[in-house]
Amino acid sequence: MIEIKTTKKGAELISVKMNGIEKIHDGERFWNRHSPVLFPIVGKLKDGKTLIDGKTYEMGQHGFARDMEFEQIGENSYVLKSNQETLKKFPFDFELYVSYEVNGNKVTTKYKVINKSNNLMVFGLGGHPAYVCEYSSGKYRLEFHDIEDDIEIYQLQDGLIKEKPEKTTKYIRENRIFLDSKTFENDAIIMKNIKSRKVYLKTETKNVLSFEFEQFPYLAIWSKPGAPFICIEPWFNTADKINTNGIFEEKEDLIELKTNQKFEAEYTVDFF
């Protein structure tokens, strides 16, 4: 039996209990978040700034949605509408809907974005859920559903994407990423060109969860050294590259919406 708790701040999922056992990071030790929503950017902007229509805007890492008060519109369902505060950072009118649904042992996170402005809107979107996992013990691994032989793996330098991806073989053996205390010494592992639409967190003897991310082109994993959690993060885009020109519309993989168009995406976690 699954029980979840959410909050209006950031429309964040803050608890998933399965038969009374907590599956989501407590948001206290090591990292003060549980499962933030990343919008309208994923990752960092170079120098925290970007150019939109020739004007400079400033935004912190992963955008502003995770720190804003959403309006609750149903059980575990929220909306954030553009306002004077958001327009200072992102000059578009929008509605961002976030909801959570439980089906058996599965929890689905759903996003919907509507462009309410008169111009083409471009934006980033992603998830950042943290699952309870003593990954530093060396007992855990992330296993891919399909055979992977051509994943591009991007590393961060001061929070920005290095230009050239690393080789798959540096991180993936036997179609798995074996997690240990050194896995995140260089920050997140960011993957693109993934055949699998599902991955599994497991040990040698048990399955912990499966993570299905059908629409998302990127999957990142991250934690802090020694922390008792691992983030499995579905993204549509990434931080700025090191040599970015700073023009927002020229960032790679941004989602485009015409006036009154909507964009929807979801990911599902099955707990074992």
Side-chain angles (χ1 to χ4, degrees), residues 5-14 27 31-100 109-130 159-161 216 233-241 244-267:
K5 289 183 181 179
T6 58
T7 178
K8 290 192 290 185
K9 183 181 179 183
E12 193 171 5
L13 178 68
I14 60 173
W31 191 51
N32 65 351
R33 300 184 189 269
H34 312 266
S35 181
V37 176
L38 315 184
F39 175 89
I41 59 171
V42 173
K44 284 186 177 181
L45 299 172
K46 189 172 184 178
D47 299 322
K49 300 176 182 179
T50 194
L51 285 170
I52 303 176
D53 289 332
K55 185 177 178 181
T56 299
Y57 293 86
E58 297 186 14
M59 249 187 290
Q61 184 175 12
H62 294 317
F64 50 72
R66 62 182 186 165
D67 294 315
M68 298 200 71
E69 194 82 0
F70 281 60
E71 176 188 349
Q72 187 163 4
I73 55 175
E75 186 178 14
N76 303 311
S77 183
Y78 303 89
V79 63
L80 174 66
K81 297 179 181 180
S82 53
N83 54 48
Q84 291 304 310
E85 184 179 350
T86 68
L87 289 169
K88 291 176 183 176
K89 301 176 181 179
F90 185 64
F92 299 97
D93 286 312
F94 66 85
E95 293 178 356
L96 168 63
Y97 294 84
V98 182
S99 63
Y100 304 93
T109 300
K110 295 186 173 185
Y111 304 120
K112 179 169 69 175
V113 181
I114 303 175
N115 179 12
K116 305 298 288 187
S117 66
N118 295 322
N119 304 313
L120 181 75
M121 183 173 79
V122 292
F123 62 95
L125 181 67
H128 202 318
L160 302 177
I161 298 286
F216 297 80
E233 308 176 39
W235 296 350
F236 279 96
N237 17 69
T238 69
D240 278 352
K241 289 190 172 181
T244 180
N245 62 12
I247 298 172
F248 190 71
E249 295 93 328
E250 295 182 12
K251 279 173 65 68
E252 290 185 11
D253 305 307
L254 288 179
I255 301 161
E256 295 185 353
L257 279 184
K258 295 178 181 178
T259 302
N260 291 323
Q261 276 191 332
K262 67 179 179 180
F263 178 85
E264 295 181 273
E266 65 182 53
Y267 64 90

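What you see is a predicted model; the values in this text were computed from it and never measured.
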Return the [atom1] to [atom2] distance between [X] and [Y], rounded to the nearest 0.5 Å.
{"X": "Asn237", "Y": "Leu38", "atom1": "CG", "atom2": "CG", "value": "9.5 Å"}
{"X": "Tyr78", "Y": "Glu69", "atom1": "OH", "atom2": "CD", "value": "9.5 Å"}
{"X": "Leu80", "Y": "Glu95", "atom1": "CG", "atom2": "CD", "value": "9.5 Å"}
{"X": "Lys241", "Y": "Leu160", "atom1": "NZ", "atom2": "CG", "value": "12.0 Å"}
{"X": "Phe90", "Y": "Ile41", "atom1": "CZ", "atom2": "CD1", "value": "9.5 Å"}
{"X": "Glu264", "Y": "Leu125", "atom1": "CD", "atom2": "CG", "value": "11.5 Å"}

- In terms of the angle between their ring planes, are Phe216 and Tyr267 parallel, tilted or perpendicular, with boundaries placed at 30° and 60°?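 Answer is perpendicular, since the angle exceeds 60°.
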
- Answer with yes or no after comparing the ring centroid distance for Phe236 and Phe263 against a 6.0 Å cut-off, counting only values under it.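 Phe236 vs Phe263: aromatic centres under 6.0 Å.
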
Kindly give the heavy-atom pair with the smallest separation between [X] and [Y], and that separation in Å.
{"X": "Pro36", "Y": "Arg66", "value": "CB-CB, 3.8 Å"}
{"X": "Val37", "Y": "Tyr100", "value": "CG2-OH, 4.2 Å"}
{"X": "Thr6", "Y": "Leu13", "value": "CG2-CD1, 3.9 Å"}
{"X": "Gly43", "Y": "Ala239", "value": "CA-CB, 3.9 Å"}
{"X": "Tyr111", "Y": "Gly126", "value": "OH-O, 3.6 Å"}
{"X": "Leu254", "Y": "Gly124", "value": "CD2-N, 3.9 Å"}

- Identified salt bridge (charged side-chain N to carboxylate O under 4.0 Å, His left out) partner of Asp67 from the options Arg33, Lys8, Lys89: Arg33

Do the non-hydrogen side-chain atoms of [X] and [Y] ever get within less than 4.5 Å of each other?
{"X": "Glu252", "Y": "Ile161", "result": "no"}
{"X": "Met68", "Y": "Asn83", "result": "yes"}
{"X": "Pro40", "Y": "Met59", "result": "yes"}
{"X": "Asp93", "Y": "Leu87", "result": "yes"}
{"X": "Lys81", "Y": "Lys116", "result": "no"}

- Message: Please identify which of these residues, Asn245, Thr238, Asp240, Thr50, meets the side-chain hydrogen bond (donor to acceptor under 3.5 Å, both in side chains) condition with Lys251.
- Response: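 Among the candidates, only Asp240 passes.
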
- Please walk me through it: do Glu250 and Thr244 pass side-chain contact (heavy atoms from CB on, under 4.5 Å)? CA-CA 9 Å; Glu250 295 182 12; Thr244 180; over 6 Å; no

- Just do the side-chain contact (heavy atoms from CB on, under 4.5 Å) check on Val113 and Met121 with the steps written out, would you? CA-CA 10 Å; Val113 181; Met121 183 173 79; 3.7 Å; yes

- Task: Could you list all the ring pair (Phe, Tyr, Trp, His ring centres under 6.0 Å) pairs where at least one residue sits in residues 37-70, not counting sequence neighbours?
- Result: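 Every ring pair (Phe, Tyr, Trp, His ring centres under 6.0 Å) pair that includes a residue of residues 37-70, provided the two are not neighbours, is Phe39-Phe94, Phe39-Phe123, His62-His128.
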
- Message: Does Trp235 form a side-chain contact (heavy atoms from CB on, under 4.5 Å) with Asp253? I'd like the steps, not just the answer.
- Response: CA-CA 10 Å; Trp235 296 350; Asp253 305 307; over 6 Å; no

